[in-house]
There are 2 protein chains.
Amino acid sequence: MKAVKELDYSPNIMARGLITKTSNTIGVFFGDQKNAGFEHPFLSQLITSIKDTIGVVGYDLLIFSNQKRDTSSFKSICYERGVDGVILILTGQRRNDEKIFNLHNSLPVVYIDSVPNSNYKKVNFVESDNEQAAFDATEHLIRLGNRKILKLAGDRIAKASFDRIAGYKRALLKNNMPIDEKLIQYGEFSKEKSYEIVQSCIRNNLDIDAIFTSSDMMAFGAIEALKDLHLRVPDDIAVVGFDDIEQAKLYKPALTTVHQQSYKMGELASKIVRPSAM
Amino acid sequence: MKAVKELDYSPNIMARGLITKTSNTIGVFFGDQKNAGFEHPFLSQLITSIKDTIGVVGYDLLIFSNQKRDTSSFKSICYERGVDGVILILTGQRRNDEKIFNLHNSLPVVYIDSVPNSNYKKVNFVESDNEQAAFDATEHLIRLGNRKILKLAGDRIAKASFDRIAGYKRALLKNNMPIDEKLIQYGEFSKEKSYEIVQSCIRNNLDIDAIFTSSDMMAFGAIEALKDLHLRVPDDIAVVGFDDIEQAKLYKPALTTVHQQSYKMGELASKIVRPSAM
DNA sequence: CTGAAAGCGCTTACAG
DNA sequence: CTGAAAGCGCTTACAG
C-alpha cells in the first residue's frame, strides 16, 4: 500500500474487466436529434440524476457518442465497451427495432420515458403516468371553458406520446366532447416544429381556443407562434405544457404545465439497472 | 465478414485497449457541486457539443461519476479507465492541486472555462475573453448612468472569475470611478447564494444602482431577491448577467447578458484533446 | 500471404 | 499463507 501511494498506482480497469467481465460502467444511449440533446432540460436532469446515483455506488457513466459504428446493434456496442448495464433515453429519436434486438437478454436494460410502443410489455421502463397526467391537464383546460383543444403531440413511436394522446381523448370523451383528428398534430418534441404547426393551423383558420403540448419546449414554440400572429396567451388561446422544466417557472407569466419528477426517474432507472448494488 | 454479421460480433474494446493503449474514449471531469451539474444550461451545452464533436470521429464519452475513489488523483483515474484524453470542466468546484498533479504530462488535457489560476500558464484551456467581456458589460451599465455597481463574482479559484472581476475594475478605472471592495461579492455561481447576498446587501442598505453577475443563474437569483424586496428591475436596480443561456431569452423582459459560445467552446476543446483525429 | 506465438495487465484457481 | 501459472480477448511481430 505504501508503494501504491508512492507510485500513484491504480489497477487498469480494462485488464481487470477482461477477467471479471465487469467494468463498473453504466452505458447511456441518448437521442441524437437536435431536440433530444442534453440541452433539453428534462433530459439533462435525467443524466445528472443517473450520474449521481450510479456514482455513489462506484460506477462511471459512458455516453455512447461514437457515430462511426451506426450500423452495429446496441447489443454489440454494449458488449464492445463492456458496460454492466444500459439506460436508453431515446425520446424524439427513431427507434430501430433491429438495433435493439437481443439487447434485453444480454444485460440489464432500462428505458426512460421512451420505450417503443411495440416492445413495452417485455422490458423495464420508467415513466410518468402519462395517460392520467394528460387526462388531468386536458380536464383543466376544459374546466376553464375551452372546447377546441389542439393536441400538439410528440412522435408516433414512443409509448409516452401515445399515452398522452390517450389521456387527452379520454378527457374529451368524459366531457362529451367530439374527438377531431385534425386537432391532433405531431410536433416531434421540437420547439421549431411546434412553431410551424401552430403558425399553419392559425393561418388555415383552424378553430381552436387552447393548445395542450407534449413538452414545455413545444409549448414555448407554440406561444412564440401565437405571439407572432398577435394572439394573446392565455386570453385568446390557452397553452398547457408538459415536463415543468426550469424555464417554465422563469417564464412570465409562468407556463402552466405538468410536472415530471425527472430526478426521481433517473434515480429509479439507475437502481433498476443495478439492482444488487443499490 | 459473413460470420461477423451472423454472430453480431464486435471486438472487445477492453482486450484491444490492453494492446493498443487506446480506448477511443474521451473522459470528462465535471463539477460535482449543485450549481455545476448538467442542469446548468451552459454546461449541458458544452457536453452536448463535446459528445457530438468526438462522436463524429469515433469516440465515446466517459463521464467520471464514481464517487468511491475520491482520494485518487485525476491521473490515476484516467489511467485506470484508459481514456485517450481528458476534458476538465470544474467550474464552481474546489480544485485540489494534488489531484491534478502530474495529469498534464501523461495524456492530452484541456480545461474549459475553469483553469486553476495558479496553473494556467502550463496547460491547454478554452475560455471566453472574460476580461474584455466583463469590461464591456460594465461599461454598458456605466453608460446607462449607473455609478454603484455590485459585482456578483464567481469563486476565488478560477481564472474566469478573476478575469471577470478584472474587467469590471478596468471599466470603473477607465471611467474614473472608485473601486469599492465591498461591492465585490462571491456568489459561487449559485442562484441561491446570489439570492442571499443580494437580500443581505439591500437589507444592510448597501447603496447600489446596478448588479453585474458572473452567470445568468446568479442574475436570476439576484432578480428574485430584488423582486421579493419590492425593487423593480431595471428601473430601481439594473442587472446584467453572463452566459446567455436559453432562459435569458425566454425571461420577460429578456435578461441583458454576455453571450458565451458554449457550443464552439466544446468543439474547440474536443479538437485540442484529439488533435490528430480532427 | 497465412497462421501460430507472445504479450498487454490483470484475477483466479491451483500447487507448494 | 505465499507465489507462480493459466487465461481473459485481443494485436502485433514473427516464423513458415
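Letters go in sequence order (proteins before strands), and every chain restarts at 1.
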Qualifying residues under side-chain contact (heavy atoms from CB on, under 4.5 Å), relative to A:Val86, sequence neighbours excluded: A:Phe29, A:Phe64, A:Cys78, A:Leu88, A:Leu103, A:Leu107, A:Val109

Lys NZ or Arg CZ of A:Arg164 over A:Phe242 ring: under 6.0 Å, within 45°: yes

For DNA chain C, determine which residues of residues 11-23 of chain A have any heavy atom closer than 4.0 angstrom to one of its atoms, and list them numerically. A:Pro11, A:Asn12, A:Ala15, A:Arg16, A:Leu18, A:Ile19, A:Thr20

Side chain to side chain donor-acceptor pair (under 3.5 Å) filter on A:Ser128, not counting sequence neighbours, yields A:Gln260

Of all nucleotides in DNA chain C that come within under 4.0 Å of a heavy atom of chain A, which is furthest toward the 5' end and which toward the 3' end? C:dG9 to C:dT12

Sorted by chain and number, sequence neighbours left out, side-chain contact (heavy atoms from CB on, under 4.5 Å) with B:Lys249 holds for B:Asp244

Could you tell me which residues satisfy salt bridge (charged side-chain N to carboxylate O under 4.0 Å, His left out) with A:Asp243, sequence neighbours excluded, listed by chain and number? none

Partners of A:Ser106 by side chain to side chain donor-acceptor pair (under 3.5 Å), sequence neighbours excluded? none

Contacts of type salt bridge (charged side-chain N to carboxylate O under 4.0 Å, His left out), residue B:Asp216, not counting sequence neighbours: none

Selection residues 6-18 of chain A - residue pairs positive for salt bridge (charged side-chain N to carboxylate O under 4.0 Å, His left out), sequence neighbours left out: none

Just to be sure I follow the notation: if a pair is Watson-Crick (purine N1 to pyrimidine N3 plus N6-O4 or O6-N4) or a G-U wobble (N1-O2 and O6-N3), each under 3.5 Å, what dot-bracket string does DNA chain D give, with | for pairs to another strand? |||.||||||||.|||

side-chain contact (heavy atoms from CB on, under 4.5 Å) with B:Gln132: which residues, sequence neighbours excluded? B:Asp129, B:Phe135, B:Asp136, B:Arg170

Applying side-chain contact (heavy atoms from CB on, under 4.5 Å), name anything that partners A:Ile50, two or more places apart in sequence or on another chain. A:Ile54, A:Leu61, A:Ile87, A:Ile89, A:Ile112, A:Ser270

